Amino acid sequence: MKLQGWEAVIFYVLAVMTLVMGVLVVTARVAVHSALFLISTLVNVALLFILLRSEFVAGVQILVYVGGVMVLFLFVIMLVQTRAEEESQVKLYTSQMGWAVGIAIMLALSVFFAIQPAQGAFRPPDSVVASQAASDSGNLTGQRSGAGSTSSDTQNVGEALYKQAALPFEIASLLLLVAIVGAVLLARGTKQEKLHD
Amino acid sequence: MISFAIGALFSVTALLQATSEPFVKRFEPTPINFIMLSFLLFVIGVAGVLSRRNIIIIFMSIELILNAVNLNLIAFSRYLQLNQAAFAAKGLEVNHLSGQVFTIFVIVVAAAEAAVGLGIVISLFRNRETVAIDEIDLLKW
């Protein structure tokens, strides 16, 4: 997989944006700022998905994460008192902060050096590089290519989801039902509990 | 400063790649670059989980970790799609869509986890008046 020309430039821009926003999520003092930086990270990852021609997953990412999960986060931040943290009266990090950063840096370096020998393994043979454009145009419906053509990615993913992963799909729906009931049970107050008993 | 280090890491990766190609070609992203990106995102999430005191930020870091996994799955899905012919020539049948399907399941589980986890945070705050994890030590011996 080689991204060429402007796609390569866009990849580097999105990669740097994703990582900077990720660092800001972890280091922001105000929880709402953290949530907004997380939204930016998630949108950047969705754009990377589009760069990898997975339009459906990118749409799901925006709808579910940015539209659903982040609103949930913002509501919980609103309900929970974090003023002491915002006004820098309490410390932001636990006492294991030094250990955590040390472990993270060691992990990063170890995988960085472990990946080095594998650099050449992902270089496709020349014949495959030539077929990249053909493969992309095969992914499009209709005869047109370039702007104005539509990707059949959504159709392919939907077919795979219902034909090959039908049972996991149903199990996922059961999981979501259990999660809804569990969240309601956990979040209701004593007054509501008395009302129903 | 951290972003500086990340940028340096990326450029070093690019420079260490094969040398026989023209200069610009060396910087074109391969699956290795996607692995590096998703790994660095994962490490940022791990550092957040291990070091922050606010339990809500810890949940956000878990979302970062899950997104790093998603990025890896999608990158390999694309890699398999582009090299389908080469794999078929070696007698390997690959289905590149399974990566995308798996990503959708990861997103579903992440949404369920966020809903239940934030419900726990709400009831915890109602009972203990705090979201700092080092003050919630009832189970600590």
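Because the structure is a prediction, the values reported are computed rather than measured. So that the names make sense, note that chain A is the first sequence line, chain B the second, and so on, each numbered from 1. In what follows, every heavy atom counts, from backbone to side chain, and hydrogens, waters and symmetry copies are set aside.
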How many angstroms lie between CG in A:Leu63 and CD1 in B:Ile107, if you round to the nearest 0.5 Å?
10.0 Å
Return the minimal non-hydrogen interatomic distance between B:Pro29 and A:Tyr12, and the atom names on each side.
CG-CE1, 4.2 Å
Chain B: which of A:Leu79, A:Leu42, A:Val80 shares the most heavy-atom pairs with it under 4.5 Å?
A:Val80
Applying a strict 4.5 Å limit to non-hydrogen atoms, the region of B:Leu124 in contact with chain A is neither
Determine whether B:Phe34 and A:Leu48 make a side-chain contact, defined as any pair of heavy atoms from C-beta on separated by less than 4.5 Å.
yes
Begin from the C-alpha positions of A:Phe169 and B:Ile104 and carry the test side-chain contact (heavy atoms from CB on, under 4.5 Å) through to its verdict.
CA-CA 10 Å; A:Phe169 187 79; B:Ile104 289 169; over 6 Å; no
Close side-chain approach of A:Phe11 and B:Asn33, heavy atoms under 4.5 Å:
yes
A:Leu19 side chain reached by B:Leu37 side chain, heavy atoms, under 4.5 Å:
yes
Minimum heavy-atom distance between A:Arg53 and B:Gln100, given as atom pair plus value:
O-NE2, 4.4 Å
Contact part of B:Val49 toward chain A, heavy-atom cut-off under 4.5 Å: side chain, backbone, both or neither?
neither
When only pairs under 4.5 Å are counted, which of A:Val64, A:Val157, A:Ile180 shares the most heavy-atom pairs with chain B?
A:Val157
Is A:Leu38 close to chain B through its backbone or its side chain, or both, or neither, when contacts mean heavy atoms under 4.5 Å?
side chain
Rounded to the nearest 0.5 Å, what separation is found between the CD1 atom of B:Ile74 and the CD1 atom of A:Ile50?
11.5 Å
More than 12 heavy atoms from other groups under 6.0 Å of CZ on B:Phe39
yes
Using a 4.5 angstrom heavy-atom cutoff, name the option from A:Thr18, A:Val25, A:Val26 with the most pairs to chain B.
A:Val26
Ignoring hydrogens and angles, write down the donor-acceptor pairs under 3.5 Å from the side chains of residues 56-72 of chain B, residues two or more places apart or on other chains.
| from | atom 1 | to | atom 2 | distance (Å) |
| --- | --- | --- | --- | --- |
| B:Ser61 | OG | B:Ile57 | O | 3.0 |
| B:Glu63 | OE1 | A:Tyr65 | OH | 3.4 |
| B:Asn67 | OD1 | A:Gln61 | NE2 | 2.7 |
| B:Asn72 | ND2 | B:Ser38 | OG | 3.4 |

Look up atom OG in A:Ser54 and atom CD in B:Gln81, then write down how far apart they are to the nearest 0.5 Å.
7.5 Å
What's in the same ILVMFWY side-chain cluster as A:Leu174, cut-off under 4.5 Å, chained through other members?
none
Test item: A:Phe75 and B:Leu118 side chains (from C-beta on) under 4.5 Å apart, heavy atoms:
no
A:Ala31 versus B:Asn54, closest heavy-atom pair with distance
CB-ND2, 4.2 Å
Please rank A:Ile171, A:Leu107, A:Val178 by heavy-atom pairs under 4.5 Å with chain B and give me the top one.
A:Leu107
With a 4.5 angstrom heavy-atom cut-off, is it the side chain or the backbone of B:Leu50 that approaches chain A, or both, or neither?
both
For B:Val108, the other hydrophobic cluster members (4.5 Å side-chain criterion, sorted by chain and number) are A:Leu176
Got a donor-acceptor contact below 3.5 angstrom from the B:Arg78 side chain to the A:Phe49 backbone?
no
Output the option from B:Val121, B:Ile120, B:Asp134 having the highest count of non-hydrogen pairs under 4.5 Å with chain A.
B:Ile120
Using a cut-off of 6.0 Å, state whether more than 12 heavy atoms not belonging to B:Glu93 lie near its atom CD.
no
Under a 4.5 Å side-chain heavy-atom rule over Ile, Leu, Val, Met, Phe, Trp and Tyr, are A:Val76 and A:Val66 clustered together?
yes
At a heavy-atom distance under 4.5 Å, which candidate from A:Gly98, A:Ser173, A:Ser34 has the highest pair count against chain B?
A:Ser34
Which of residues 158-167 of chain A get closer than 4.5 angstrom to chain B, counting heavy atoms alone?
A:Ala160, A:Leu161, A:Gln164, A:Ala165
Minimum heavy-atom separation for B:Ala112 to A:Ala179, with atom names?
CB-CB, 3.6 Å
Closest heavy-atom pair, A:Ala187 versus B:Ile122, reported as atoms and distance to 0.1 Å, is O-CG2, 4.1 Å
Per-residue contact mode, B:Val116 against chain A (heavy atom under 4.5 angstrom):
both
Which residue out of A:Gly68, A:Gly182, A:Ala28 racks up the most heavy-atom pairs below 4.5 Å with chain B?
A:Ala28
Out of B:Val101, B:Val109, B:Val46, which one racks up the most heavy-atom pairs below 4.5 Å with chain A?
B:Val101
